[in-house]
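The structure appears right after this line, and notes come after that.
By convention in this document, chain letters (A, B, ...) are assigned in the order of the sequence lines, proteins followed by strands, and residues within each chain are numbered from 1.
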Amino acid sequence: MASQSLTEYERKRLENIKRNDEMMSSLKLHSKALQLSSSTNNKRLRNESKVYKTSPDKKPKSKTAPIVIRRSLRSQGLPPETSFQDDNFSSPTKNSPKTPPPKSILTKLGPLTMKQAYMGDDSSASDRVLIDTVKDMSDNAPLNVKSGGVVVGNEGCLDLGSMILKPENIARVMPGKILNVEFFPCKDRTMIVAGNKFGNVVFWDVESEQDEGRNDGIYLYQPHRAPVSGFSIQPFSLSKVFSSCYDGFIRLLDFEKESFDLVYSTDGTIFSLSQRPQDPNGLCFSEGNNGMVNFWDTRVGKSSSSWMLHDSRINTIDFNPENTNLMATSSTDGSACIWDLRHTDAHRPKYLKIVDHKRAVHSAYFSPTGSCLATTSLDDHVGILSGADFMNTSMVFHNNHTGRWISSFRAIWGWDDSYLFVGNMKRAVDVISTDRDITTLQSSDMSAIPCRFAVHPYKVGTLAAATSGGQIYLWTQS
DNA sequence: CACGACCTTAATCTT
DNA sequence: AAGATTCCAGGTCGTG
């Protein structure tokens, strides 16, 4: 038998590949990605985003009027499904920027130029402005470096009542469900990056949108072909953006080289991506459904260590900003853990603390000072750990039952250790304070459920809320 | 135990 | 305006 000549590892790998292929084809993922990246669709999206932004919707009804919004969102309508090109989609004859990247490039083990991945067409702004803006930001990077990676400055003085959602800060930045949204850690700029389930990555340069007329400040790319599961941008290197994908690829967008380079690929699913603060060459990500965490050295292109830390997929990885030896993981196995990377126990780190939930845990994040941890679970609770060695656990009831179409909720910390932001199924943002008070940010302009959030690391009061319909609501402090 | 059928949920698409 | 479709979650329950 041929299989007998294979090593155990090789046989397992082949099995994995076969299983993945079966899953992918059964879900018609390729076709979806291609349909999505057709230039007609693309044009529609950019138009739509503009329309949506300039007139989010007239609100004839004063209070909650979700149906109104939905009607307006599809006013342009999608052209009837054309026969989609199939997997043998031939490479484009002309290298026009509006040509979607063919599957052969997205699956190739190699670099992908920004030009190849850019989804803008002739009528949209060139991404040259974006590239130059990010390079400018990067040149000012030293200004952004703070001790311990913690925001210093006016923390703690946020008045929630002063947070507002301006109509011009609402945008449909991409199609489909947004799984991830982040701010560039840049002191004087509001640059947002988001990723969706189709493998798109979008940049929203918010100031650019306000300053320039024709340019809407939104730049859409397709560097991946499956859901984007994570980003990592280090404050000291703003021109480099790591992104991970369910299909097992991790790419590094380098604005200097203007390409999305491949840094890692695996047969498993990558569910989350993180970097230890102040470690430019290390990547940390979760892989597969067996709770594996992998530490990857990008300089050598090798794994420095990998451990099975949970019984099921790991949904988030976060490092303590004060003590970067502490790492928090959240898992579908129903637990979240804090690990001490300095101490190992039976070939894996020792856990300092375990938080048990009754169902899957979708996030575990350290507070800005590192002295608290917040967990979010499908068991309809937000856990808050505090005190010496995270001894005190407090569970706050919160409806986290998002169902299938809305990304799971993940409570994130604000600009100090006193409160958390988390989605609310009634199209609002809940603010949970550590003393268990819950207040709500509401706006009649928020026409969909905000499920994934990010806070601007330097601008207190600037909060991005992303939806499963591709919108971002950018709350700011008035 | 493994597996599949079925349910939940909201936004979008189609009729 | 209303029904159909989405679909890389995750739980439950029934069957082989």
Looking at A:R172, does any N or O in its side chain come under 4.0 Å of the phosphate oxygens OP1/OP2 on B:dT12?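 The answer is yes; a side-chain N or O of A:R172 sits under 4.0 Å from OP1 or OP2.
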Respond yes when some side-chain nitrogen or oxygen of A:K197 is under 4.0 Å from OP1 or OP2 of C:dC7, and no when none is.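 Indeed, a polar side-chain atom of A:K197 lies that close.
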What is the distance, rounded to the nearest whole Å, between atom [atom1] of [X] and atom [atom2] of [N]?
X	N	atom1	atom2	result
A:M174	B:dT12	CE	P	14 Å
A:M446	B:dA10	CE	P	15 Å
A:K177	B:dT12	NZ	P	13 Å
A:H401	B:dC7	NE2	P	14 Å
A:Q471	B:dA10	CD	C1'	11 Å
A:K426	B:dA10	NZ	P	12 Å
A:I449	B:dT9	CD1	P	11 Å

Does the [X] side chain pair with the main chain of [Y], one donor and one acceptor, at a distance under 3.5 Å?
X	Y	value
A:N180	A:G195	no
A:S407	A:C451	no
A:S303	A:F295	yes

Walk along nucleotides 9-14 of chain C from 5' to 3' and tag each nucleotide B, S or - by protein heavy-atom contact under 4.0 Å, base first, then sugar-phosphate. BSSS--
Would you verify whether the NZ or CZ of A:R225 falls within 45 degrees of the ring axis of A:F249 while also being under 6.0 Å from that six-membered ring's centre?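 Checked: cation-pi criterion met.
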Between the base of C:dC7 and the ring of A:W405 - centre-to-centre under 5.5 Å, planes within under 30° - is that a stack?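 A stacking contact does not exist, since A:W405 is not both close and nearly parallel to the base ring of C:dC7.
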Are the aromatic ring centres of A:F271 and A:F285 under 6.0 angstrom apart?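 Between A:F271 and A:F285, the centre distance exceeds or equals 6.0 Å.
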Report the residues that fulfil side chain to side chain contact (heavy atoms under 4.5 Å, CB included) with A:L252, sequence neighbours left out, ordered by chain and then residue number.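 If we apply the side chain to side chain contact (heavy atoms under 4.5 Å, CB included) test to A:L252, skipping adjacent residues, the hits are A:K240, A:F242, A:V263.
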